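The structure presented is a predicted model; accordingly, all values stated were derived computationally and were not measured.
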Amino acid sequence: MAICYMETPLGIAKIEGDSNGISSVSVLDETVTVPKTIPSELQECVKQLKAYFSESRKDFKLKLNPKGTEFQKRVWTELKTIPYGKSYSYLELSKRLGDAKAIRAVASANGKNPLWIIVPCHRVIGTDGSLTGYAGGLHRKAWLLNHESEAKQQSLF
């Protein structure tokens, strides 16, 4: 399993994968040294993430290999259908998966998404429009939604 780190506007991203695909992308709260060399298996992922943060990429074309249950993988596959700049509620996502009553299971699977940004779990919000639950922290979720918004919010401070 190859591992690399890259700087992002939201912290250091840790990327893991091998010839079978990218298995994990996460954002770290701690500081780590970012090596200059990137394993060949991870170079395309780093390139696409940099393009996303520079606003020149809206979707990812990567071979993915996340570890999870079949249900989790179904949820993660559905997350990839949420268009850039749009959001779904947890209830809407549950309905799209065929069972509105599975909202808690869907929310749990969403929270276990191992592919930060690439599988856009940040695009799922509360039914009332609130920013609920995000493993990377709500400040990062808000930043990502603003990053993808056509109408960028100006910071007042």
Apply side-chain contact (heavy atoms from CB on, under 4.5 Å) to V25 and I117, showing your working. CA-CA 8 Å; V25 178; I117 298 175; over 6 Å; no
Under the side-chain hydrogen bond (donor to acceptor under 3.5 Å, both in side chains) definition, can you give me all pairs with a residue in residues 35-49, not counting sequence neighbours?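 Found E44-Q48.
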Might you point out which heavy atoms bring [X] and [Y] nearest each other, and give the distance in Å?
X: C4; Y: I38; answer: SG-CG2, 4.0 Å
X: K95; Y: A100; answer: CG-CB, 3.8 Å
X: P39; Y: A2; answer: CB-CB, 3.7 Å
X: C121; Y: N113; answer: SG-ND2, 3.2 Å
X: L115; Y: S24; answer: CD2-N, 3.7 Å

[X] vs [Y] side-chain heavy atoms within contact, under 4.5 Å:
X: H147; Y: E55; value: yes
X: V124; Y: S89; value: no
X: K67; Y: Q72; value: no

Hey, mind stepping through L49 and T8 against side-chain contact (heavy atoms from CB on, under 4.5 Å) and telling me if it holds? CA-CA 9 Å; L49 282 167; T8 78; over 6 Å; no
Output every pair passing salt bridge (Lys or Arg N to Asp or Glu O under 4.0 Å) with a member in residues 110-122, not counting sequence neighbours, ordered by first then second residue.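 Checked against salt bridge (Lys or Arg N to Asp or Glu O under 4.0 Å) - neighbours excluded - no pair reaches residues 110-122.
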Please name all residues satisfying side-chain contact (heavy atoms from CB on, under 4.5 Å) with [X], sequence neighbours left out, ordered by chain then number.
X: S56; answer: A51, S54
X: E78; answer: T81, L93, R96, L97
X: A105; answer: F71

Taking it one step at a time, do E150 and Y84 satisfy side-chain hydrogen bond (donor to acceptor under 3.5 Å, both in side chains)? CA-CA 10 Å; E150 289 182 22; Y84 181 95; over 6 Å; no
Would you say NZ of K73 has more than 12 non-hydrogen atoms from neighbouring residues, nucleotides or ligands within 6.0 angstrom? yes
Report the C-alpha separation of I22 and E16 in whole Å, then their side-chain angles, then the decisive distance to 0.1 Å, and conclude whether the side-chain contact (heavy atoms from CB on, under 4.5 Å) test is met. CA-CA 6 Å; I22 303 300; E16 299 177 68; over 6 Å; no
What side-chain donor-acceptor pairs closer than 3.5 Å can you find for residues 125-137, not counting sequence neighbours?
residue	atom	partner	partner atom	Å
D128	OD1	S130	N	2.9
D128	OD1	S130	OG	2.6
Y134	OH	W116	NE1	2.9

Side chains of residues 58-65: which donor-acceptor pairs under 3.5 Å do they make with residues two or more places apart or in other chains?
residue	atom	partner	partner atom	Å
D59	OD2	K61	NZ	2.9
K63	NZ	S19	O	3.1

Determine whether a donor-acceptor pair (N or O, by modelled atom type, separation under 3.5 Å) exists between the side chain of R123 and the backbone of K86. no
With no hydrogens and no angle check, is any side-chain donor or acceptor of H122 less than 3.5 Å from a backbone partner on A142? no
Show which residues join L28 in its hydrophobic cluster (side-chain heavy-atom contacts under 4.5 Å, direct or indirect), or state none.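 Listed partners: I3, Y5, I12, V32, V34.
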Evaluate the ring planes of W143 and F53, with Trp represented by its six-membered ring, and classify them as parallel (under 30°), tilted (30 to 60°) or perpendicular (over 60°). tilted
Just verifying a value: how many Å separate [X] [atom1] and [Y] [atom2], rounded to the nearest 0.5 Å?
X: S108; Y: Y90; atom1: OG; atom2: OH; answer: 10.5 Å
X: K141; Y: L145; atom1: NZ; atom2: CG; answer: 7.0 Å
X: H139; Y: L144; atom1: NE2; atom2: CG; answer: 9.5 Å

Do S23 and M1 pass the side-chain contact (heavy atoms from CB on, under 4.5 Å) test, and can you show the C-alpha distance, the side-chain angles, and the key distance before you say yes or no? CA-CA 9 Å; S23 57; M1 182 72 57; 3.5 Å; yes
